[in-house]
Amino acid sequence: MKVFLDSNVLFSICWSGKEVSRSWLFFELQRQGHLQLFISRLVHDETSFNLQTKRPESIKLFKQLLAELTFIQDSFGTTAHPEIMRLPLNDRVIFMTALTHGMEYVISGNSRDFSGIYGQRIGTMLTLSPADFLKVTKGR
């Protein structure tokens with residue numbers, strides 16, 4: 001499974017620590033060969049900026065996580081899908097990047113902006129919260 005992580009997922013792991021964060025399970029699932037995790041430069045930059053600003057002591061963990069992620073190039077593609085066009089620009093770029101690169105899932109905790117596309121399959125991709133992804137894929 002090709003899984004694209006939004007910056008807020010990485011931020012939450014770094015904020016709470018891998019011992020506490022449920023999203024840390026994504027990395028465990030990758031180590032077991034169940035999925036492959038991807039991010040883009042925009043996701044990296046957003047996460048890095050927010051950690052440096054709000055929790056600089058977490059940068060070391062962030063760097064450890066980066067070593068386990070595959071980077072893909074940001075895509076500024078367009079779509080006619082109305083819910084995607086309503087997304088703020090950075091979120092639209094993140095979504096289109098994942099879609100362009102054939103991701104099966106986008107995982108985002110951004111319930112405010114992504115609420116209109118949570119649980120919807122757009123192309124071959126499904127957008128889910130971290131908790132919903134873990135529920136849906138349990139037992140696969």
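These numbers come from the heavy atoms of this one structure, side chains and all, not from hydrogens, waters or symmetry mates.
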I'd like to check [X] versus [Y] (side-chain heavy atoms, cut-off strictly below 4.5 Å). Are they in contact?
X    : Y   : result
I117 : F95 : yes
I84  : M96 : yes
H44  : S40 : no
N8   : T47 : no
Q30  : Q36 : yes

Spacing of [atom1] belonging to [X] relative to [atom2] belonging to [Y], to within rounding of 0.5 Å:
X    : Y    : atom1 : atom2 : value
I122 : L99  : CD1   : CG    : 7.5 Å
L25  : I13  : CG    : CD1   : 9.0 Å
R92  : F76  : CZ    : CZ    : 11.5 Å
R86  : F114 : CZ    : CZ    : 14.0 Å
N50  : D45  : CG    : CG    : 11.0 Å
M103 : L126 : CE    : CG    : 14.0 Å

Ignoring hydrogens and angles, tell me if any N or O in the side chain of [X] forms a donor-acceptor pair with the backbone of [Y] under 3.5 Å.
X    : Y    : result
D132 : L128 : no
E46  : S7   : no
E104 : M125 : no
Q120 : G116 : yes
Y118 : S108 : yes
H101 : Q73  : yes
R55  : S58  : no

Item to check | Audit row: M1, F133, side chain to side chain contact (heavy atoms under 4.5 Å, CB included) steps and yes/no | outcome: CA-CA 12 Å; M1 276 187 280; F133 176 85; 4.3 Å; yes
Checklist entry - With a cut-off of 6.0 Å (strictly less than), are more than 12 heavy atoms of other residues, nucleotides or ligands near CZ of F71? => result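 Counting neighbours around CZ of F71, more than 12 heavy atoms of other residues, nucleotides or ligands fall under 6.0 Å, so yes.
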Heavy-atom pair of closest approach, residues [X] and [Y]:
X    : Y    : answer
S115 : R112 : OG-O, 3.4 Å
R22  : A131 : NH1-CB, 3.7 Å
V43  : L5   : CG1-O, 3.5 Å

Taking distance alone, no hydrogens or angles, what donor-acceptor pairs closer than 3.5 Å link side-chain atoms of residues 14-21 to residues at least two apart or in another chain?
| residue | atom | partner | partner atom | Å |
| --- | --- | --- | --- | --- |
| S16 | OG | S12 | O | 2.8 |
| S21 | OG | S23 | N | 3.2 |

Checklist entry - Centres of the F26 and H34 rings: under 6.0 Å? => result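 Not under 6.0 Å, so no.
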Next on the checklist: Would you say the rings of Y105 and F4 are close, in the sense that their centroids are separated by under 6.0 Å?
Outcome noted: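 They do not qualify: ring centres at least 6.0 Å apart.
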Next on the checklist: Which residue in the set N110, T127, D113 passes side-chain contact (heavy atoms from CB on, under 4.5 Å) when paired with D6?
Outcome noted: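 Considering N110, T127, D113, a side-chain contact (heavy atoms from CB on, under 4.5 Å) with D6 is found only for N110.
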Item to check | ring-ring contact (aromatic ring centres under 6.0 Å, His included) involving F38 - partner list, sequence neighbours excluded | outcome: none
Checklist entry - With no hydrogens and no angle check, do the side chains of S75 and T97 hold a donor and an acceptor under 3.5 Å apart? => result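 T97 and S75 do not have a side-chain donor-acceptor pair below 3.5 Å.
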Checklist entry - How far apart are the C-alpha atoms of L10 and I39, what are their side-chain angles, what is the distance that settles it, and do they pass the side chain to side chain contact (heavy atoms under 4.5 Å, CB included) test? => result CA-CA 10 Å; L10 296 170; I39 65 167; 3.9 Å; yes
Next on the checklist: Quick check: is L51 connected to L66 through a chain of hydrophobic side chains (ILVMFWY, heavy atoms under 4.5 Å apart)?
Outcome noted: yes
Next on the checklist: According to a hydrophobic-cluster definition based on side-chain heavy atoms being under 4.5 Å apart (Ile, Leu, Val, Met, Phe, Trp, Tyr only), do L65 and I59 belong together?
Outcome noted: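 The answer is yes; both residues are in one hydrophobic cluster.
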Checklist entry - Do L37 and E68 pass the side chain to side chain contact (heavy atoms under 4.5 Å, CB included) test, and can you show the C-alpha distance, the side-chain angles, and the key distance before you say yes or no? => result CA-CA 8 Å; L37 298 173; E68 299 185 53; over 6 Å; no
Next on the checklist: side chain to side chain contact (heavy atoms under 4.5 Å, CB included) for I107 and V3? Distances and angles first, verdict last.
Outcome noted: CA-CA 7 Å; I107 308 304; V3 177; 3.5 Å; yes
